[in-house]
Amino acid sequence: MDTLTVAHFLAGSLVLLSFSLLYQDRLPPLINTFAAQSLVLALAIGWQAETQHAPHLLITAAIEFGFKTVLIPLVLTWIIRNLKIHRTVEIVVGVGPTILAGMALVGLAMALMMRATPGIGVLARQDLVFALSVVLLGMLMMVTRRNAVSQVIGFMSIENGLVLAATGAKGMPFVVETSVAFSVLIALIVTGIFLFRIRERFDSMDVAVIDQFRGER
Amino acid sequence: MGEFLNPAATVLILPLTSALLLALIPNYRVGAWLNIIATFATLCAAGILVVARPAGAFGLLFVDDLNIGFVALTSLVGFTTAVFSKGYIGHELATGHLKPAHLRYYHTMFQILMGAMNLALLTSITGVMWAAIEIATLTTVLMVGIYRSHAALEAAWKYFILSSVGIALALFGTILVYSVAQPVVGDGLPAMTWTILQAHAAKFDPALLNIAFVFLLLGYGTKAGLVPIHAWLPDAHAEGPTPVSALLSGLLLNVALYAILRFKMLFVGAHGLFSPGPMMITLGLVSIVFAGLMLYRRRDIKRFFAYSSIEHMGIIAFAFGLGGPLANFAGLLHMAMHSLTKSGLFFAVGHIIRVKGSQKFDAIGGLTRSHPLLGWTFVACVIAIAGLPPFGLFTSEFLVVTAAVEAQPLLAIVLVVGLLISLGALFICINRVAFGEPKGKVDTDEGTLLPIIVHLAIVLAFGVFIPGPIVNWFQHVSRMLG
């Protein structure tokens, strides 16, 4: 396979795994699917490091692998087991409409990026389409899920899309720093979830239940 | 070595070293004083920066006429907030809302926030600005949740999730701007440097730059609290400590708008591009009208003024969306005046909450009779924020309306209707809080009203007479903004 094909295969797999995240209805498979997406992302970054001759991207790949493929899924699994969180994912919109909306979003991303990007390189352009799709699907997941853990997974998959875009942009500085910054952010979110639960502040991980206080309406 | 003596670097190094020191000092009284001293030193450094005005780039920092003014404003409001905060936290400790251990953490976050905001303003790299705004957001999230109550944690969580999404959108926009610039100016840092981006903007691919701006406007717009991505703002203002509300409304919203302005400046040099104006005008007008309506029937005084901040961010976005020298001038003036007035107003609200022991409107009333000085100061603040003469916000709102009438009379009607809606709500607020029979508890007010009076004096001075050099400076920046 030539360079482009491999990059496309990996980036396309990321989008497919984003769809797969959308239809998971139980938390453990959701976490596993997310781990798989992060693994594919780490491979995609490794491939970019090879083709762009940018060895520093290997650090980003290592962070993605170590942190998001191994550590975060383990911690999340540990949290849902120890805090006895409901293992089903509470959804706001049904799976069918969500998948259809997801397909529309991917179509939107393609229409937008393909029309707008004649000026930049083919590799970067295709990557931007895939990256934007992953970002939009992640957002879709955040709005269609009530469960805090699945919202966090939605956020992390948005971040996967961003890292894909950043590594696809040739020679972009601060990619490693950005992935470190995001890892810190995610670590804080996960710790937050854990701390909220451990202090018995909330009876449920369902954000709608946390939302008893909704401000004044 | 020269880098460290540079005033631009001092404005960053001072808050960050103080943050380290404050993290090590367990005594909260020493901490509160050190917080004041550190913000005062930063203010002095900012003063030196304004006087010396060492234009140009230093490493990852650069100074120009736009950011220097924001640094001065940020440092000034940071200092007065630190003074107010000292009295405020003393009372929170006495009532048991906060523990000394929380305060060590609070003061550290305060300084990190100041440093991060100055970094976002002074950096010459798009990516560093993004990171600085992320850090500023995280520190405020931690400060909003400091009371550890159910409502505070929830407000912090909502703020965290929404601003994380905003931050993600802004990063995608930043990456897109890099992808646009990279074929023109080459790989690496140059494609992320403001000055270089601006010099070559005319050669960028217009379609992709437009898409990038949409992401940046929505991303940083979330931080600026523009409707419909404002949902975190009222909760965060209402549930956090009052000094944090003052910093959020007075400074952090401005920094987010500054980020949008910087990216908007790329479009100035590029002719034949789709203008970012209409999007900003739409978001601005929607924010003004929506927030104006939401001002009615509020039960919580801090939430009330949080909606007022959304309205003012809308006015500013509208002004910059119109563009042109007059509207840009008005936008800049409004940013400065709103920042001073709103933070002063939150200080006054902090004092009111202290004497009444509640932040519900139901528990507050007849303030001019029970606490004349505090009551009348509050009335003056609300008149100022309503954009009535003789205060500076009147000048800026008048200029915005004038510019709107010149450019788009129909939009001007919507703008004026929005302003009148909120004016009505503000009058109702004055009437309930300041006049009539005193309601609720009437504890004595401790602590100084000096920070509020200083802010009001500046806003009043700007309403009566704006000094020539400042007019020139504003006009120069307005031309930079196109």
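Everything numeric here is computed off the predicted structure, so don't read it as measured data. Quick note: numbers below take in every heavy atom, side chains included, and nothing from hydrogens, waters or symmetry partners. Order of the sequence lines fixes the chain letters, A, B, ..., with proteins taken first and strands second; residue numbering starts at 1 for each chain.
- The closest donor-acceptor contact from the side chain of A:Q151 to the backbone of A:R145 lies under 3.5 Å.
- Not a single ring pair (Phe, Tyr, Trp, His ring centres under 6.0 Å) links B:Y106 to another residue, sequence neighbours left out.
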Notebook entry, point to check: Can A:Q48 and A:T167 be said to form a side-chain hydrogen bond (donor to acceptor under 3.5 Å, both in side chains), step by step?
Noted result: CA-CA 7 Å; A:Q48 293 281 8; A:T167 50; 5.1 Å; no
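- Listed in order of number, the residues of residues 175-184 of chain A that approach chain B to under 4.5 Å between heavy atoms are A:T178, A:A181, A:F182.
- With sequence neighbours excluded, the residues satisfying ring pair (Phe, Tyr, Trp, His ring centres under 6.0 Å) with B:F215 are B:F172.
- Of the two parts of A:L185, the backbone and the side chain both hold a non-hydrogen atom closer than 4.5 Å to a non-hydrogen atom of chain B.
- B:L162 has its side chain out of reach of B:I229: every pair of non-hydrogen atoms, C-beta onward, lies at least 4.5 Å apart.
- In this structure, chain A has heavy atoms under 4.5 Å from both the backbone and the side chain of B:L189.
- The closest donor-acceptor contact from the side chain of B:Y159 to the backbone of B:E154 lies at 3.5 Å or more, if one exists at all.
- If you tally non-hydrogen atom pairs under 4.5 Å between each of B:P234, B:A168, B:A131, B:G127 and chain A, the highest count goes to B:A168.
- Annotation for A:F65: atom CZ does not count as buried by contact number, only 12 or fewer foreign heavy atoms lying within 6.0 Å.
- For chain A, the nearby part of B:I125 is the side chain; its heavy atoms alone come within less than 4.5 Å.
- Neither the backbone nor the side chain of B:I135 comes within contact range of chain A, judged by heavy atoms closer than 4.5 Å.
- Under the rule for a side chain to side chain donor-acceptor pair (under 3.5 Å), the partners of A:S20 that lie at least two apart in sequence or sit in another chain are A:Q24.
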